Colleague: 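Sharing a structure, written as structure tokens. Questions coming.
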Amino acid sequence: GFLIGPPNRGLNCMFTFMNTARIGTAVQGLAAAEGSFQGALEYARDRLAMRALTGPAAPEKEADPIIVHPAVRQMLLTQKAFAEGGRLLCYWLSTQTDILQGSSDEEAKKKADELLSFLTPIAKAFLTETGYEAANHGVQVYGGHGFIREWGMEQIVRDTRIALLYEGTTQIQALDLLGRKVLQTQGAMLRNFTKMVHKFCEAEAGNAAMSEFTGPLSKLNKEWGDLTMKIGMKAMQNPNEAGAAATDYMMYSGYVTLGYLWAWMAKVAQGKIASGEGDKAFYEAKIKTAQFYFKKILPRTQSHADIIGGGVDVLMQLDADAFAF
């Protein structure tokens, strides 16, 4: 054998490739969202069932394609929002890796390393959870056809389920995020990120076209810090409070992180349209998907905040032997 790291620092070295593997697993969740979306979109454009509630959308056919129905569109747009938002998160993490490995600016490398450390558990846990949700939506769009092997949609669900487990389960990633990355740094890593989001919202304060994004994002960015402080105070009295809050905290963090990224994409898209660059329809679709995310997905943060507020007591009051009753 050959020693490939400093003596007695093997565990530290292990986490170098473990974190890489965690980002790779995040990409697997992203791929599940994208793959299931591509299949579901094609099927929804082709499958005929019912008429649109507002009247026939394809009167020349015996029924309308199911993509006209709001319930189907909700699933498709959820898949699209998770896939495209997750893709930007993975690209962003990759740029931080490039800075860390190739920059000669020590301060830039330090910031990139801290951002990577903070975002890696979010990327791994959140993108696999949302990828699995998107994969299930893919089966649902197909209906009964989605449950048979012929179409490949159920395989995406089966293949993706493991991603929530390996390289550290969702719950382990949540403990890493809240415990090691946030509370053990006295909130420093979180503040580095929320300051970034704050500066983004502040810079767009005079842009009326961005207010539908920066308004909700700014509010959640502040709530994120307040929520963290409340958890930290409770955990000082009872460490189990952090354990009870961790998974919902991670999901809350993921939704806000993707909210920032979707607001960022909307800003870029608005700029491209204004300057006449690129494919206008592509950038308009980005803005509309961002609007969907902010109206239909981002409000999930409230339920996670409410669950965190429920505390640990209701989880621990039932004796282990009494679970069977």
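Model, not experiment: these values are computed from the prediction.
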Colleague: Heavy-atom count around M196 CE within 6.0 Å, excluding the residue itself: above 12?
Modeller: yes
Colleague: Out of curiosity, does I99 fall in the hydrophobic cluster containing M189 (side-chain heavy atoms, cut-off under 4.5 Å, transitive links)?
Modeller: no
Colleague: Can any side-chain N or O of R73 pair as donor or acceptor with the backbone N or O of I67 at less than 3.5 Å?
Modeller: yes
Colleague: Taking a hydrophobic cluster as the set of Ile, Leu, Val, Met, Phe, Trp and Tyr residues connected by side-chain heavy atoms closer than 4.5 Å, whether directly or through intermediates, do I172 and M251 fall within one such cluster?
Modeller: no
Colleague: Looking at every non-hydrogen atom in both residues, tell me the closest pair between G259 and L217 and how far apart they are.
Modeller: C-CD1, 4.1 Å
Colleague: Do E34 and R87 sit within salt-bridge range, that is, some charged N less than 4.0 Å from a carboxylate O?
Modeller: yes
Colleague: Does a side chain donor of either Y293 or E84 reach within less than 3.5 Å of an acceptor in the other side chain?
Modeller: no
Colleague: Side chains of Q270 and Y283: closer than 4.5 Å at any heavy-atom pair?
Modeller: no
Colleague: Kindly indicate whether the side chain of W224, heavy atoms from C-beta on, has any atom under 4.5 Å from the side chain of T194.
Modeller: yes
Colleague: At what distance, to the nearest 0.5 angstrom, does OG1 of T120 lie from CD of Q173?
Modeller: 8.5 Å
Colleague: Taking atom CZ as the centre, does R158 end up with more than 12 heavy-atom neighbours from other residues, nucleotides or ligands that are less than 6.0 angstrom away?
Modeller: yes
Colleague: What side-chain donor-acceptor pairs closer than 3.5 Å can you find for residues 39-50, not counting sequence neighbours?
Modeller:
{"from": "Y43", "atom 1": "OH", "to": "R47", "atom 2": "NE", "distance (Å)": "3.2"}

Colleague: Angle between ring planes, W92 versus F193, binned at 30° and 60°: parallel, tilted or perpendicular?
Modeller: tilted
Colleague: Identify all side-chain donor-acceptor contacts of residues 309-325 below 3.5 Å with residues at least two apart in sequence or on another chain.
Modeller:
none

Colleague: Give a yes-or-no answer on whether the side chains of T214 and E204 include a donor-acceptor pair shorter than 3.5 Å.
Modeller: no
Colleague: Hey, does the side chain of S218 reach the backbone of G215 with a donor-acceptor pair shorter than 3.5 angstrom?
Modeller: no
Colleague: Mark yes or no for whether D248, through its side chain, and I308, through its backbone, hold a donor-acceptor pair below 3.5 Å.
Modeller: no
Colleague: Starting at OH of Y255, measure out to CG of L220 and round the result to the nearest 0.5 Å.
Modeller: 12.5 Å
Colleague: One thing to verify: whether K110 and E106 come together as a salt bridge, which I'm taking to mean a side-chain N less than 4.0 angstrom from a carboxylate O.
Modeller: no
Colleague: Would you say L53 and V68 make side-chain contact, with heavy atoms under 4.5 Å?
Modeller: no
Colleague: Check this for me: N8, atom CG, are more than 12 non-hydrogen atoms of other residues, nucleotides or ligands nearer than 6.0 Å?
Modeller: no
Colleague: Counting distance only, does the side-chain N/O of R22 pair as donor-acceptor with the main-chain N or O of E167 below 3.5 Å?
Modeller: yes
Colleague: Of D98, V27, L119, which is the lone residue that meets side chain to side chain contact (heavy atoms under 4.5 Å, CB included) with L93?
Modeller: L119
Colleague: Does the side chain of Q140 pick up a donor-acceptor pair with the side chain of N136 at under 3.5 Å?
Modeller: no
Colleague: How many angstroms lie between atom CZ of F37 and atom CG of L77, to the nearest 0.5 angstrom?
Modeller: 7.5 Å
Colleague: Between the main-chain N or O of Q186 and the side-chain N or O of R191, is there a donor-acceptor pair closer than 3.5 Å?
Modeller: yes
Colleague: Does the side chain of I297 come within less than 4.5 Å of T78's, by heavy atoms?
Modeller: yes
Colleague: Shortest non-hydrogen contact from M153 to G146?
Modeller: CB-O, 4.1 Å
Colleague: Hey, are E133 and R300 close enough for a salt bridge, meaning a charged N less than 4.0 Å from a carboxylate O?
Modeller: yes
Colleague: Has the side chain of E277 got a donor or acceptor atom that lies under 3.5 Å from a matching backbone atom of K272?
Modeller: no
Colleague: Count the heavy atoms of every other residue, nucleotide or ligand shown that sit under 6.0 Å from OH of Y166, and state whether that count exceeds 12.
Modeller: yes
Colleague: Starting at CD of Q74, measure out to CZ of F292 and round the result to the nearest 0.5 Å.
Modeller: 4.5 Å
Colleague: State, with a plain yes or no, whether a side-chain heavy atom of M210 is found less than 4.5 Å away from one of F200.
Modeller: yes
Colleague: Judged by atom type as modelled, is there a donor-acceptor pair below 3.5 Å linking the side chain of E129 to the main-chain atoms of T170?
Modeller: no
Colleague: Any chance the side chains of T289 and W262 put a donor and an acceptor closer than 3.5 Å?
Modeller: no
Colleague: Heavy atoms, side chains only, cut-off 4.5 Å: are W151 and V139 in contact?
Modeller: no
Colleague: Between Y252 and E223, is there a side-chain donor-acceptor contact under 3.5 Å, judged purely by atom types and distance?
Modeller: yes
Colleague: Are V157 and I148 connected into the same hydrophobic cluster when the rule is that any two of I, L, V, M, F, W, Y join if their side-chain heavy atoms are below 4.5 Å apart?
Modeller: yes
Colleague: Can F82 be reached from L76 by stepping across I, L, V, M, F, W or Y side chains whose heavy atoms are under 4.5 Å apart?
Modeller: no
Colleague: Would you say I273 and F282 are hydrophobically clustered, going by side-chain heavy atoms of ILVMFWY under 4.5 Å?
Modeller: yes
Colleague: Working to the nearest 0.5 Å, report the span between CG of L30 and OG1 of T25.
Modeller: 12.0 Å
Colleague: Distance from L183 atom CG to M229 atom CE, nearest 0.5 Å?
Modeller: 11.5 Å
Colleague: Just wondering, are more than 12 heavy atoms of other shown residues or ligands nearer than 6.0 Å to NZ in K234?
Modeller: yes
Colleague: For S103 and K109, indicate whether the former's side chain and the latter's backbone hold a donor-acceptor pair under 3.5 Å.
Modeller: no
